[in-house]
Amino acid sequence: QARDDSGGGGRSGALAPPPVTEVPQKIDVNPPKGTRDFPPEEMRLRNWLFGNFREVSRLFGFEEVDFPVLESEALFIRKAGEEIRDQLYCFEDRGNRRVALRPELTPSLARLVIQKGKSVSLPLKWFAVGQCWRYERMTRGRRREHYQWNMDIIGVPEVTAEAELISAIVTFFKRLGITESDVGFKVSSRKVLQEVLKSYSIPENLFGKVCIIIDKIEKIPREEVKKELGFVGISDEAIEELLQVLSIKSLDKLEEVLGSAGEAIADLKQLFSLAEKFGYSDWIQFDASIVRGLAYYTGIVFEGFDRQGKLRAICGGGRYDRLLSTFGGDDIPACGFGFGDAVIVELLKEKGILPELNLEVENIVCALDQDLQGAASSVATILRGKGQTVDLVLEIKPLKWIFKRAARVNARRLIIVGSSEWEKGLVKVKNLSSGEQIEVKLDELE
Ligand SMILES: Nc1ccc(Br)nc1
């Protein structure tokens, strides 16, 4: 019989039998496939990581923004064959609207910039830390959600913006104890591809598709890449030239091939010169094979990698000068990066530099008998009013239990409220590291 929780009268009169409760159904206590809970220990690590994201963003003068996790599906529908599109976590809501759990933050940011229009003055320097989703066939057992830190600069066409963003990531790595011997950035520009495609008169509208196919160069066999490029109409000759250019690892070599007049070389030379000034030259290297897997990049692209080659890309980003206009906004230049919360933790574990993050409570306060529980509450309130953390024991417990609890919460002091002391306006204060115990007047407690 369903429980009558309609709040109505039902048969709940004084003499009526107690309502038949539902037979308890054991629910699955695990979170949905591909998602995570954050119990205290994991939450402390997440807060520490996000705290560093936010502190670096603050150091660089960026403002925090956020957007709904749920967006119109249209924001992410791009026809360039991206994986992010194939794995879109999308559905029709009860209002028959096509919606999606955001797979990334950049389109939402672009939407908000357009919405703000002339009410905001450029350049905008915005950052966000948000959960992003993908519907991954669980056969690969990969996650379906992660948190991404994004920093974006809107309204700056110069490469100074990309240089600034990479500097922010370097600053973040250094804060965590990660050095240029651990990680690096592979940097290129999609203008390299653009210049090659243009020399073969390949139409602009194929640019996004070609980039997405080439981004798979490390993930699928070379022959498959060539076949896919052929399918979209790239000639064999152009394919050979593309793959040749993509294997270039030095700017001098690239300049030999492309010549010195193109934007690609100019942008990359400026970026490497700025890197010198920022002091992170040892962190970056040119690699023409870097195109990144998002269709909207139009210029410099970069990705953070671990030099041991054990992990997937740590972060990635680039310039996306056309995204806002494709959403019907003005032609505003933009660049940004995404930095996931998973690979970085694997890297910290690999390096053995995960921080020790324990619950730290300054005081544990307890009453020795029931009628002093109120007194213990007032002691806790006084200490909290002074900005001290207090774990207040909420029941009368034996001292053995209290000491065990004090150890678990790493308390520095035990404040005991006992009747004989309380009558004299005193409490017992035990220093839990030295063991020293003194009596303190309540109004002198600090
Ligand atoms: N885009 C995206 C979303 C969620 C995860 Br996990 N990985 C990538």
Side-chain angles (χ1 to χ4, degrees), residues 30-38 42-43 45-46 49-50 53 65-91 98-112 126-152 165 169 186 208 211-213 215-216 218-220 290-297 301-306 310-318 320 323 326-327 334-349:
N30 294 305
K33 276 187 181 314
T35 69
R36 299 165 290 174
D37 292 316
F38 287 89
E42 285 75 6
M43 198 63 200
L45 178 61
R46 172 173 140 179
L49 187 68
F50 291 13
F53 288 157
V65 293
D66 196 7
F67 328 96
V69 176
L70 185 74
E71 284 277 13
S72 162
E73 184 188 47
L75 217 55
F76 310 109
I77 300 292
R78 300 186 290 260
K79 297 179 175 49
E82 296 154 291
E83 185 182 66
I84 208 165
R85 167 80 182 80
D86 303 337
Q87 297 177 340
L88 198 58
Y89 213 130
C90 52
F91 55 97
R98 291 296 307 168
V99 290
L101 296 182
R102 65 189 176 196
E104 54 167 329
L105 301 176
T106 307
S108 301
L109 181 135
R111 176 179 61 70
L112 183 59
W126 286 357
F127 83 93
V129 182
Q131 192 174 38
C132 296
W133 293 82
R134 67 179 172 197
Y135 191 83
E136 168 91 27
R137 294 265 165 265
M138 280 322 278
T139 43
R140 292 170 67 177
R142 294 201 300 171
R143 293 232 307 275
R144 286 184 172 155
E145 54 79 23
H146 72 173
Y147 285 80
Q148 258 196 31
W149 169 40
N150 279 219
M151 289 179 82
D152 290 82
L165 291 175
I169 306 174
K186 292 174 183 168
C211 289
I212 299 311
I213 294 169
D215 179 59
K216 297 186 269 188
E218 310 284 336
K219 301 159 197 163
I220 64 175
I290 297 302
V291 285
R292 297 297 296 163
L294 293 169
Y296 49 65
Y297 287 130
V301 284
F302 54 86
E303 75 183 30
F305 70 100
D306 87 285
K310 291 183 181 170
L311 306 173
R312 301 183 309 284
I314 303 166
C315 57
Y320 53 95
L323 185 63
T326 58
F327 285 166
C335 61
F337 67 78
F339 194 122
D341 70 335
V343 179
I344 182 65
V345 171
E346 290 171 48
L347 177 66
L348 292 169
K349 283 176 182 166

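Counting starts at 1 for both ligands and their atoms, following the listed order. All values reported here derive from a predicted model rather than from experimental measurement.
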*Just checking, any donor-acceptor pair under 3.5 angstrom between side chains of Tyr147 and Arg46?*
yes
*Identity and distance of the protein heavy atom lying nearest atom 7 (N) of ligand 1*: Arg134 NH1, 3.4 Å
*In terms of side-chain geometry, is the basic nitrogen of Asp66 or Arg102 positioned less than 4.0 Å from the acidic oxygen of its partner?*
yes
*Just jot down the ligand 1 atoms closer than 4.0 angstrom to any heavy atom of Glu145, in number order.*
6 (Br)
*asked:* Under a 4.0 angstrom heavy-atom cut-off, which atoms of ligand 1 come close to Pro103?
replied: 1 (N), 2 (C), 3 (C)
*Decide, yes or no, whether a salt bridge links Arg143 with Glu136 under the criterion of side-chain N to carboxylate O below 4.0 Å.*
no
*Do Arg85's NZ or CZ and the ring of Phe76 fall within the cation-pi criteria of under 6.0 Å and 45°?*
no
*Using 30° and 60° as the class limits, which term best fits the ring planes of Tyr135 and Tyr89: parallel, tilted or perpendicular?*
perpendicular
*asked:* Heavy-atom contact check, 4.0 Å cutoff: does Glu104 meet ligand 1?
replied: no
*Please identify which atoms of ligand 1 are closer than 4.0 Å to at least one heavy atom of Cys132.*
3 (C), 4 (C)
*Heavy atom under 4.0 Å from ligand 1: found in Gln87's side chain, backbone, both, or neither?*
neither
